[in-house]
Visitor: 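Pasting a structure below so you can have a look.
Lettering of chains follows the sequences in order, A, B, ..., and the numbering in each one begins at 1.
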Amino acid sequence: MYNHFALFHSIKELETEFEVSFPSISKHSIYSPSQTVLTISDNKELKASLMRWGLIPYWARHEGVGNKMAYARAETIETKRSFKFLLQKNRCIIPASCFYKWRQTKNGTKHPYKIELLHQEIMAFAGLWDTWKNLETNQTIYSCTIITSSTSGLTLNRAPVLLTEGNRQAWLDSSITNQQQLMSLLKPIEKNSFILQKINHHNSNETDLFSTI
DNA sequence: CCAGACGTTGTT
DNA sequence: GTCTGG
DNA sequence: CCAGACGTTGTT
DNA sequence: GTCTGG
């Protein structure tokens with residue numbers, strides 16, 4: 001329960017926020033890499049869909065390659081083999097309500113925290129997606145990765161890049177291909193716009209993850 | 001040139 | 001002890 | 001990052 | 001498929 005994020009906003013709230021209709025989601029509301037998550041992308045048309053979290057590049061020989069690609073560093077996506085071509089056309093947003101991080105306290109003990117926006121607004125993680133074809137089953141798998149950046153003042157090393165409301169449309173507009181413009185949309189999360197809350201983790205069922213200590 | 005990787009996290 | 005899966 | 005597994009044979 | 005390391 002580190003790399004995880006959660007989505008507890010309702011489908012209705014998501015549809016209003018992003019102005020697209022969403023498929024009904026599975027019973028899960030806390031997600032970890034390799035699970036299926038909700039995304040919004042502009043693949044010919046703007047739409048919401050389900051994708052595997054953990055990007056499987058189209059050239060991958062095995063699906064397992066995706067286990068390594070849950071995250072993509074914003075600073076280097078323009079040069080990395082697995083991501084550089086996706087920045088042009090395969091951008092997406094992964095909606096979330098909060099994410100979880102471990103944090104070390106002064107005495108050296110570690111504790112998990114939940115990070116939310118001040119008024120529990122919906123977060124829009126910046127992401128990239130790709131398709132991969134399983135040659136045995138002939139099935140095409142859609143998968144995605146979450147872009148991360150450094151954080152200023154949150155005392156977390158890395159965090160997902162959150163697209164501001166003003167930046168979301170451009171990020172999803174597949175007619176935009178200017179790399180400099182696209183990269184300018186990826187800003188580290190802002191200081192003082194977040195709530196960090198200690199959470200339970202030893203009896204970590206979903207209810208506990210949403211509750212604070 | 002070919003073979004092998006293709007990634008991130010946080011910690012040392 | 002070290003790697004993998006979530 | 002932490003928690004949990006850490007393996008192979010041959011058969012379905 | 002494409003880049004990097006040797």
Side-chain angles (χ1 to χ4, degrees), chain A residues 1-7 25-39 50-92 94 96-115 125-136 140-162 179 186 188-189 196-206 208-210 213:
Chain A
M1 193 260 309
Y2 88 103
N3 254 327
H4 303 197
F5 72 89
L7 186 60
I25 347 175
S26 64
K27 53 190 181 306
H28 289 105
S29 52
I30 297 192
Y31 303 97
S32 48
S34 81
Q35 294 184 322
T36 302
V37 300
L38 267 175
T39 61
L50 295 164
M51 297 188 186
R52 178 200 198 272
W53 177 20
L55 191 130
I56 309 166
Y58 69 99
W59 43 258
R61 294 201 171 198
H62 305 288
E63 190 172 353
V65 173
N67 294 335
K68 297 178 179 177
M69 311 223 188
Y71 294 103
R73 291 177 69 89
E75 297 90 330
T76 54
I77 50 175
E78 288 175 287
T79 57
K80 294 294 178 179
R81 292 195 276 289
S82 299
F83 307 135
K84 58 190 296 185
F85 301 105
L86 304 178
L87 182 62
Q88 299 293 326
K89 283 281 178 188
N90 290 18
R91 300 182 296 275
C92 65
I94 296 118
S97 304
C98 64
F99 59 91
Y100 301 94
K101 293 284 285 187
W102 287 81
R103 207 178 165 211
Q104 203 160 14
T105 45
K106 290 169 194 169
N107 59 26
T109 57
K110 288 181 178 178
H111 207 93
Y113 283 77
K114 174 170 82 170
I115 297 95
F125 294 167
L128 300 172
W129 62 275
D130 204 348
T131 57
W132 177 78
K133 194 167 186 179
N134 183 329
L135 295 176
E136 290 176 4
T140 297
I141 296 180
Y142 287 76
S143 61
C144 64
T145 186
I146 294 172
I147 299 175
T148 65
S149 70
S150 60
T151 63
S152 55
L154 262 184
T155 58
L156 306 169
N157 286 306
R158 308 284 302 177
V161 169
L162 302 190
Q179 289 211 9
L186 305 177
I189 60 179
L196 268 77
Q197 293 165 291
K198 250 187 182 179
I199 56 166
N200 291 307
H201 71 291
H202 280 303
N203 46 351
S204 59
N205 59 49
E206 295 202 356
D208 289 329
L209 291 174
F210 290 133
I213 292 175

Visitor: Quick one, which residues of residues 58-68 of chain A touch DNA chain E with a heavy atom under 4.0 Å?
Guide: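 The stretch gives A:Tyr58, A:Trp59 as the residues lying under 4.0 Å from the strand, ordered by number.
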Visitor: Examine distances only and state if a side-chain atom of A:Ser149 and a backbone atom of A:Ala74 form a donor-acceptor pair shorter than 3.5 Å.
Guide: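 Checking the backbone N and O of A:Ala74 against the side chain of A:Ser149, no donor-acceptor pair under 3.5 Å is found.
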Visitor: Nearest 0.5 angstrom please: A:Leu186 CG to A:Glu75 CD, how far?
Guide: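 Going from the CG atom of A:Leu186 to the CD atom of A:Glu75 covers 9.5 Å.
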Visitor: If you check the A:Phe83 side chain, which of B:dT9, D:dA3, B:dG7 turns out closest?
Guide: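 Closest of the options to the side chain of A:Phe83: B:dG7.
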Visitor: Taking A:Thr145 for its side chain and A:Ala70 for its backbone only, find out whether a donor-acceptor pair lies under 3.5 Å.
Guide: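 Looks like yes, one N/O pair under 3.5 Å.
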Visitor: When rounded to the nearest Å, what value does the distance between P atoms of D:dG7 and C:dG5 take?
Guide: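 Nearest-Å result for D:dG7 against C:dG5 at atom P: 11 Å.
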Visitor: Please report the distance separating the P of D:dC2 from the corresponding atom of B:dT12, rounded so that it comes out in whole Å.
Guide: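 Per the computed distance, 11 Å lies between those P atoms.
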Visitor: Round to a whole Å and report the spacing from CG of A:Leu128 to C1' of B:dC6.
Guide: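 Interatomic distance, CG of A:Leu128 to C1' of B:dC6: 15 Å.
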Visitor: Find the distance A:Phe125:CZ to B:dT8:P and express it as a whole number of Å.
Guide: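 So the CZ-P distance, A:Phe125 to B:dT8, works out to 17 Å.
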Visitor: Between A:Cys144 and A:Arg52, does a side-chain contact (heavy atoms from CB on, under 4.5 Å) hold up when you go through it step by step?
Guide: CA-CA 6 Å; A:Cys144 64; A:Arg52 178 200 198 272; over 6 Å; no
Visitor: Only Watson-Crick and G-U wobble pairs with both distances less than 3.5 Å should count. Give DNA chain E in dot-bracket notation, marking inter-strand partners with |.
Guide: ||||||
Visitor: Let me know the distance between CD1 of A:Ile146 and P of D:dC1, rounded to the nearest Å.
Guide: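 In whole Å, D:dC1 P and A:Ile146 CD1 are 17 Å from each other.
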Visitor: With rounding to the nearest 0.5 angstrom, report the CD1 to CG distance, A:Ile94 to A:Leu38.
Guide: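 Here the interatomic distance stands at 10.0 Å.
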Visitor: Roughly how far, to the nearest 0.5 Å, is OG of A:Ser82 from CG of A:Leu55?
Guide: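 Here the interatomic distance stands at 7.0 Å.
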Visitor: Have a look at A:Thr79 and say if it touches a base, only the backbone sugar-phosphate, or nothing, with a 4.0 Å heavy-atom cut-off.
Guide: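 Touches nothing.
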Visitor: Rounded to whole angstrom units, what separation is found between the CD1 atom of A:Ile147 and the C1' atom of B:dT9?
Guide: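 For the pair A:Ile147 CD1 and B:dT9 C1', the rounded distance is 16 Å.
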Visitor: Given B:dT9, is OP1 or OP2 found less than 4.0 Å from the side-chain N or O atoms of A:Arg158?
Guide: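 Yes, because at least one side-chain N or O of A:Arg158 sits under 4.0 Å from OP1 or OP2 of B:dT9.
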Visitor: Could you check whether A:Ala72 gets within reach of a base, just the sugar-phosphate, or nothing at all, counting any heavy atom under 4.0 Å?
Guide: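 Result for A:Ala72 = sugar-phosphate.
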Visitor: Nearest 0.5 Å please: distance from the SG atom of A:Cys92 over to the CZ atom of A:Phe125.
Guide: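 If we round to the nearest 0.5 Å, A:Cys92:SG and A:Phe125:CZ are 11.5 Å apart.
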Visitor: May I ask you to evaluate whether A:Lys110 reaches the phosphate of D:dC2, defined as a side-chain N or O under 4.0 Å from OP1 or OP2?
Guide: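 A:Lys110 to D:dC2 OP1/OP2: side-chain N or O found under 4.0 Å.
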Visitor: Is there a donor-acceptor pair under 3.5 Å between the side chain of A:Trp132 and the backbone N or O of A:Ala60?
Guide: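 Looks like yes, one N/O pair under 3.5 Å.
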Visitor: Take the protein atom OH of A:Tyr113 and the nucleotide atom C1' of D:dC1, then report the distance between them rounded to whole Å.
Guide: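 Taking atom C1' of D:dC1 as the reference, OH of A:Tyr113 is at 15 Å.
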Visitor: How far does CG of A:Leu7 sit from OG of A:Ser29, to the nearest 0.5 angstrom?
Guide: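 Atom-to-atom, A:Leu7:CG and A:Ser29:OG are 8.0 Å apart.
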Visitor: Measure from the side-chain heavy atoms of A:Lys101 and tell me the nearest of B:dT9, B:dT11, B:dG7.
Guide: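 In terms of side-chain proximity for A:Lys101, the closest of B:dT9, B:dT11, B:dG7 is B:dT9.
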Visitor: Starting at CZ of A:Arg103 and ending at C1' of B:dT9, how long is that distance when rounded to a whole Å?
Guide: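 In whole Å, B:dT9 C1' lies 17 Å from A:Arg103 CZ.
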Visitor: Could you check whether the rings of A:Phe5 and A:Tyr31 sit parallel, tilted or perpendicular, using 30° and 60° as the cut-offs?
Guide: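 It falls in the tilted class, 30° to 60°.
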Visitor: In whole angstrom, what separates A:Lys80's NZ from B:dG7's P?
Guide: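 After rounding, the reported distance stands at 5 Å.
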Visitor: With rounding to whole Å, what would you report as the distance between B:dA3 and C:dG6 at their P atoms?
Guide: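 Per the computed distance, 34 Å lies between those P atoms.
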Visitor: If you measure from the P atom in B:dC1 to the same atom in D:dG10, how many Å do you get, rounded?
Guide: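 Here B:dC1 and D:dG10 have their P atoms 43 Å from each other.
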Visitor: Can you tell me if A:His111 uses its side chain to pair, donor with acceptor, with the backbone of A:Arg103 under 3.5 Å?
Guide: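 Checked: no pair found.
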Visitor: Rounded to the nearest 0.5 Å, how far apart are CZ of A:Phe83 and CG of A:Leu128?
Guide: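 Going from the CZ atom of A:Phe83 to the CG atom of A:Leu128 covers 7.0 Å.
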Visitor: For a 4.0 angstrom threshold against heavy atoms of chain A, report the outermost contacting nucleotides of DNA chain E in 5' to 3' order.
Guide: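 Under 4.0 Å from chain A, the extent on DNA chain E is E:dG1 to E:dT4.
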Visitor: Going by the side-chain contact (heavy atoms from CB on, under 4.5 Å) test, name the single residue among A:Asn90, A:Leu86, A:Asp130 that passes it with A:Tyr58.
Guide: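 Filter result, single survivor: A:Asp130.
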Visitor: What is the distance from CH2 of A:Trp102 to C1' of D:dC1, rounded to the nearest Å?
Guide: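 Between C1' of D:dC1 and CH2 of A:Trp102: 8 Å.
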